[in-house]
Novice: 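I am attaching a structure below and will ask some questions about it afterwards.
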Number of protein chains: 2
Amino acid sequence: MGDQIVAVKAKRGQRSKESIREDNELIILAAAEKVFAKHGLKGSTTKQIADVAKLPKSNIHYYFHTKLNLYRRVLESIFVEWMKAAEPFNTYDEPKEAIRFYVGAKMDLSRTRPFGSKVWANEIISGAPEMEEILSSRLKKWVDTCVSSINTWVELKKINSMGDAHTFLYMIWATTQHYADFDYQLIILNNGKKLTDSEFEEKKQQVIGLVLRSVGIEP
Amino acid sequence: MGDQIVAVKAKRGQRSKESIREDNELIILAAAEKVFAKHGLKGSTTKQIADVAKLPKSNIHYYFHTKLNLYRRVLESIFVEWMKAAEPFNTYDEPKEAIRFYVGAKMDLSRTRPFGSKVWANEIISGAPEMEEILSSRLKKWVDTCVSSINTWVELKKINSMGDAHTFLYMIWATTQHYADFDYQLIILNNGKKLTDSEFEEKKQQVIGLVLRSVGIEP
DNA sequence: GTCTATACGTTGATAGAC
DNA sequence: GTCTATCAACGTATAGAC
């Protein structure tokens, strides 16, 4: 993250004002995601964000006006990425492929963007006051589509019935996001060692296997 | 929660000082669990806790000295309850029963004590700075026992192998705790309606079914 | 044991020099 | 567009009257 900030800053020669704004907004958004992930909306301070972004505190307010506004922008950006990862579920007809790629994409996101997942988790835990709209309209819509796909597979006897399709979907969310949200716990229980990329790939395949078997598909 | 506080207060006639302390500590701990769940350690204020407990702010400091100390007491109390729920895993020999009762107990805890689960989640998300000791010694020890039970079942061909037993255990934690930590999201996606007790019981059985099938046990 | 008053640091946000 | 200086509000914690 720090390297990212330095890299963006170094590239600046004589740049247009729009470009400076764009760069700084990205730097601040990345810093904010990290800080909000650790302390939540209320627990984070604009000074912390400014320090991580290596900018004076007043610049945060200059670009985003209020802390709440910056927070909303972070949430929005996470949601967009999340929905991108969710596409496999609608592009594959066979449950085995759809589930495999969706769970895989979610696991990859937990690995590459853990802070985003944590900001999301924090927001939900504290009652989702800033996300009700996103959840009740945009996410709800996607969930409905997804649930009907799962129900179709059940009707076609391609997978076992689990009663309510939501239960299955929530298990996928919970299990994959656990690798982002609870990463510190996983590290401590792994004797203080972070998983290497290849170890993580292994866990990913194991998770895919468990999820597939849970609905009766042999991986 | 509010009723609980009123009930404890009303019972006081002429009580010993020890008993007053005990009651107030319980009231404050319950209030703190609720507030810490919503805002995390940094985001919570002693005033909020005092207001929920219906006591003056200074009493919080009188009984627990510092906010951090109170927070640690809340975490400790959650951990104890958590370990109690974990007993089934060691008291049943057959995986089908052990898993069924453990997952059931975890689901029940998510239903009856969601705030505790959220405080725990918040603490892990923010890097577990106050819990490293609990995690790396006491929780680690329990996990090791649990993992070796699972491995024994695999060796006895009572359940399918999933590669690393931790992956299976983490899936159980994630899925069950999701019903506490993400309860607001679940409500919104359920059209704003909280699950009734009997609906929750249904979900619980579905989760148990998915978990059992994921290791090849027909529920 | 209870609670008001207050010390003293930190916070979000802005004004205004550069 | 950048950044120092500043402020009012709020934070934790304590002192001391009851």
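Letters go in sequence order (proteins before strands), and every chain restarts at 1. Model, not experiment: these values are computed from the prediction.
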Novice: Measure the distance from OH on B:Tyr63 to P on D:dT12 and round it to the nearest whole Å.
Specialist: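 For the pair B:Tyr63 OH and D:dT12 P, the rounded distance is 20 Å.
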Novice: Rounded to the Å, how far apart are A:Asp23 CG and D:dG1 P?
Specialist: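 Taking atom P of D:dG1 as the reference, CG of A:Asp23 is at 12 Å.
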Novice: Considering only NZ, NE, NH1 and NH2 on the basic side and carboxylate oxygens on the acidic side, decide whether A:Lys204 and A:Asp108 come within less than 4.0 Å.
Specialist: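 Salt bridge flag = yes for A:Asp108 with A:Lys204.
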Novice: Distance alone, cut at 3.5 Å: any donor-acceptor contact between the side chains of A:Arg113 and A:Ser77?
Specialist: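 Short answer, yes.
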Novice: Indicate for each nucleotide in nucleotides 3-18 of chain C, in 5' to 3' sequence, whether protein heavy atoms under 4.0 Å reach the base (B), only the sugar-phosphate (S), or nothing (-).
Specialist: BB------SBBB----
Novice: Test: salt bridge (Lys or Arg N to Asp or Glu O under 4.0 Å). Region: residues 164-193 of chain A. Which pairs qualify, not counting sequence neighbours?
Specialist: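 Output for this query lists A:Lys118-A:Asp183, A:Asp164-B:Lys203.
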Novice: For B:Asp51 and D:dT12, what is the distance between atoms CG and P respectively, to the nearest whole Å?
Specialist: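 Between P of D:dT12 and CG of B:Asp51: 12 Å.
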Novice: Is the NZ or CZ atom of A:Arg100 both under 6.0 Å from the centre of the six-membered ring of A:Tyr92 and within 45° of that ring's axis?
Specialist: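 Ring-cation test returns no.
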Novice: Once salt bridge (Lys or Arg N to Asp or Glu O under 4.0 Å) is applied, what residue pairs with a partner in residues 65-77 of chain A remain, sequence neighbours excluded?
Specialist: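 Every salt bridge (Lys or Arg N to Asp or Glu O under 4.0 Å) pair that includes a residue of residues 65-77 of chain A, provided the two are not neighbours, is A:Glu25-A:Arg73, A:Arg72-A:Glu130, A:Glu76-A:Arg138.
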Novice: For B:Ile60 and D:dT14, give me the distance from atom CD1 to atom P, rounded to whole Å.
Specialist: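 Spelled out: CD1 on B:Ile60 to P on D:dT14 is 14 Å.
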Novice: Between B:Val74, B:Ile78, B:Ile125, which is the residue that forms a side-chain contact (heavy atoms from CB on, under 4.5 Å) with B:Trp120?
Specialist: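 With B:Trp120 as partner, B:Val74, B:Ile78, B:Ile125 yield a single side-chain contact (heavy atoms from CB on, under 4.5 Å), made by B:Ile78.
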